[in-house]
Amino acid sequence: MSESIRFDDKVVIVTGAGGGLGRAHALLFARHGARVVVNDLGGSAHGEGANASAADRVVAEILESGGQAIANHDSVTEGDKIVQNALDAFGRVDVVVNNAGILRDKSFAKMEDADWDLVYRVHVEGAYKVTHAAWPHLREQNYGRVIFTSSTSGIYGNFGQSNYGMAKLGLYGLTRTLALEGRKNNILVNAIAPTGGTRMTEGLIPASVFELLKPELVSPLVVYLGSEQCQDSAGLYEVGGGWVGKVRWERSLGAGFDPREGFSPEDVAAQWGAIANFEGAAHPADNVEALKEMMANLQRFAG
Ligand SMILES: NC(=O)c1ccc[n+]([C@@H]2O[C@H](COP(=O)([O-])OP(=O)(O)OC[C@H]3O[C@@H](n4cnc5c(N)ncnc54)[C@H](O)[C@@H]3O)[C@@H](O)[C@H]2O)c1
């Protein structure tokens, strides 16, 4: 198979790359010529403990197959250290794959502050810290690719994952704004919502399906999004089991009321069919497009 997508002069940070999806991403980036910073704290799936061997093993795998990589064992909540490590070892950073994650599943009724906070800290603050530390370097060199790891649990909701869903959809909000802020410096920012058979999903997915959902079936999308060839930004992609698709916002045509008169809850009830009906729906791509319909309503009744 030809490999036209190459990273020979590029440095890629993959967080949480000591196992699961991150390991598969790191191995594939390395196979395509990248110098890879394999970050992993090596804790449990619930965010307890630390163990250097997870990242070290993946680095050994990469080196054995002729690739270039270093291990980093810092928590993503200390993202500046990870980026500094990349700069010290390889002199630059081009791609950041924010992949590290944990679960603290509990129904909302049983959710404790510690579960809420830790999930926020690893997924959101961690991704923020790593990306924020890399950002000035990406801007300076007028090149960068950033990938955030969202989840269908954030997009659609999932019982027992209020903390995780909050964090995962938060990362898509971050993606959308960083895509706008990064564009003029050729920094493209995308998010994935993966499904893979890893320790995180073991026991949650039926064993026969788990076997088929190989982490390696997520990484080709991540490597593509991390490449120069990819020119799209602000996207959200569901990926897993050998399938990839793009997700976008959809909004109904809605109902307009006379802003001079105001409107009542009963008016809302009477128009509910139009408000909640997606026939002929719009797909606003940005804030300006999103506000057009509201502005049109103001104009409709102006004067
Ligand atoms: N597996 C799935 O189906 C699935 C679905 C949706 C989203 N995700 C997301 O994909 C990412 C990878 O998950 P996975 O399934 O490979 O799970 P995993 O547990 O195998 O991998 C996560 C890795 O992140 C590391 N990590 C945790 N906290 C860290 C920290 N503070 N600093 C550095 N590293 C840390 C862990 O040690 C682990 O190696 C996560 O963000 C997860 O939320 C996975």
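All figures in this text were calculated on a predicted structure; none of them were measured in a lab.
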* Check whether Leu27 and Val239 end up in the same hydrophobic cluster, where Ile, Leu, Val, Met, Phe, Trp and Tyr are linked by side-chain heavy atoms less than 4.5 Å apart. => yes

* **Residues that Ala45 engages under side-chain contact (heavy atoms from CB on, under 4.5 Å), provided they are two or more places apart** => Arg199

* **pair Val146-Leu138: side-chain heavy atoms closer than 4.5 Å** => yes

* Find out if a path of hydrophobic residues (ILVMFWY) with successive side-chain heavy-atom gaps under 4.5 Å connects Val38 to Val95. => yes

* Asked: Does the Asn39 side chain pair with the main chain of Gly16, one donor and one acceptor, at a distance under 3.5 Å?
  -> yes

* To do: For Glu289, enumerate each residue passing the salt bridge (Lys or Arg N to Asp or Glu O under 4.0 Å) test, keeping only those at least two apart in sequence or located in another chain.
  => none

* Identify the two heavy atoms, one from Ala134 and one from Val83, that lie closest to each other, and give their separation to 0.1 Å. => N-CG2, 3.8 Å

* Asked: After noting the C-alpha distance and the side-chain angles of Phe148 and Leu178, does the key distance pass the side chain to side chain contact (heavy atoms under 4.5 Å, CB included) rule?
  -> CA-CA 11 Å; Phe148 290 102; Leu178 292 194; 3.8 Å; yes

Check residues 209-216 and write down every donor-acceptor pair under 3.5 Å in which the side-chain atom is one partner and the other belongs to a residue at least two apart or another chain.
from, atom 1, to, atom 2, distance (Å)
Lys214, NZ, Glu211, O, 3.0

* Heavy-atom closest pair, residues Arg176 and Ala285 -> NH2-O, 2.7 Å

* Asked: What pairs with Phe90 under ring-ring contact (aromatic ring centres under 6.0 Å, His included), at least two apart in sequence or on another chain?
  -> none

* Donor-acceptor pair, side chain of Gln141 and main chain of Tyr143, under 3.5 angstrom -> yes

* Can you check side chain to side chain contact (heavy atoms under 4.5 Å, CB included) on Ser252 and Asn277, steps first, answer last? -> CA-CA 6 Å; Ser252 71; Asn277 181 349; 5.7 Å; no

* Asked: What pairs of residues pass the ring pair (Phe, Tyr, Trp, His ring centres under 6.0 Å) test when at least one of them lies in residues 261-285, not counting sequence neighbours?
  -> Phe257-Phe263

* NE2-CD1 distance between His32 and Ile5, expressed to the nearest 0.5 angstrom -> 7.5 Å

* With a 4.5 Å limit on heavy-atom distance, are the side chains of Asn186 and Arg145 in contact? -> yes

* **Closest heavy-atom pair and its distance - Pro284, Trp249** => CD-O, 4.4 Å

* Indicate the atoms forming the closest heavy-atom contact of Asp80 with Ala133, along with that distance. => CA-CB, 3.6 Å

* Flag yes if Tyr224 and Val12 sit in one hydrophobic cluster, no otherwise; membership is Ile, Leu, Val, Met, Phe, Trp, Tyr, and two members link when side-chain heavy atoms are under 4.5 Å apart. => yes

* **Lys184 side chain near Arg139 side chain, heavy-atom distance below 4.5 Å** => yes

* With side chain to side chain contact (heavy atoms under 4.5 Å, CB included) as the test, would you mind laying out the steps for Val76 and Glu125 before giving the verdict? => CA-CA 8 Å; Val76 283; Glu125 189 184 310; over 6 Å; no

* Asked: Which heavy atom of Gly154 sits nearest a heavy atom of Leu169, and at what distance?
  -> O-CD2, 3.6 Å

* Asked: How would you list, by chain and number, every residue that makes a side chain to side chain donor-acceptor pair (under 3.5 Å) with Thr175, sequence neighbours excluded?
  -> none

* Structure fact -> Between Leu236 and the options Ile192, Asn190, Leu171, Ile155, the side chain to side chain contact (heavy atoms under 4.5 Å, CB included) test singles out Ile155

* Asked: Any side-chain heavy atom of Arg251 sitting closer than 4.5 Å to one from Glu293?
  -> yes

* Would you name the heavy atoms of Val11 and Ala86 that are closest together and state the gap between them? => CG1-CB, 4.4 Å

* Cluster partners of Phe159, using ILVMFWY side-chain heavy atoms under 4.5 angstrom, listed by chain and number? -> none

* Criterion side-chain hydrogen bond (donor to acceptor under 3.5 Å, both in side chains) on Asn163 and Asp115, from CA distance to verdict -> CA-CA 7 Å; Asn163 51 357; Asp115 303 314; 5.8 Å; no

* To do: Please tell me if the side chains of Val223 and Phe7 come closer than 4.5 Å, counting only heavy atoms from C-beta onward.
  => yes

* Looking at CG of Asp40 and CG of Asp74, how far apart are the two atoms once the value is rounded to the nearest 0.5 Å? -> 11.5 Å

* Asked: Do Glu78 and Lys129 have side chains that get closer than 4.5 Å, going by heavy atoms?
  -> no

* Asked: Of all residues at least two apart in sequence or in a different chain, which pass the salt bridge (Lys or Arg N to Asp or Glu O under 4.0 Å) check with Arg92?
  -> Asp94

* To do: Could you tell me which residues satisfy side-chain contact (heavy atoms from CB on, under 4.5 Å) with Asp117, sequence neighbours excluded, listed by chain and number?
  => Asp113, Arg121

* Got a donor-acceptor contact below 3.5 angstrom from the Arg104 side chain to the His46 backbone? -> yes

* To do: List for me each residue that meets salt bridge (Lys or Arg N to Asp or Glu O under 4.0 Å) alongside Arg23, sequence neighbours excluded, and say none if there are none.
  => Glu61

* Structure fact -> Taken to the nearest 0.5 Å, the spacing of Ser151 OG from Glu238 CD works out to 9.0 Å

* Asked: In terms of hydrophobic clustering (I, L, V, M, F, W, Y; side-chain heavy atoms under 4.5 Å; direct or indirect links), are Tyr237 and Val97 co-clustered?
  -> yes

* Is the count of non-hydrogen atoms from other residues, nucleotides or ligands lying under 6.0 Å from Lys81 atom NZ greater than 12? -> no

* Asked: Can you hop from Ile205 to Leu217 via hydrophobic side chains spaced under 4.5 Å?
  -> no

* Tell me, yes or no, whether the heavy-atom count around Glu279 atom CD, taken from other residues, nucleotides or ligands under 6.0 Å, exceeds 12. => no

* **Donor-acceptor contact present, side-chain Ser150 to main-chain Ala193, <3.5 Å** => no

* Does Ile187 offer a backbone N or O that forms a donor-acceptor pair with the side chain of Asn185 under 3.5 Å? -> no

* To do: Would you check if Phe29 and Lys10 make a side-chain contact, meaning some heavy-atom pair closer than 4.5 Å?
  => no

* Could you walk me through whether Thr152 and Asn158 pass the side chain to side chain contact (heavy atoms under 4.5 Å, CB included) test, one step at a time? => CA-CA 8 Å; Thr152 54; Asn158 199 22; over 6 Å; no

* To do: Could you tell me whether the side chain of Thr15 and the main chain of Ala100 form a donor-acceptor pair under 3.5 Å?
  => yes

* Asked: What residues form a side chain to side chain donor-acceptor pair (under 3.5 Å) with Ser264, not counting sequence neighbours?
  -> Glu266, Asp267

* Asked: Could you give all pairs that pass the ring pair (Phe, Tyr, Trp, His ring centres under 6.0 Å) test and reach residues 122-141, with sequence neighbours left out?
  -> His123-Tyr164, Tyr128-His132

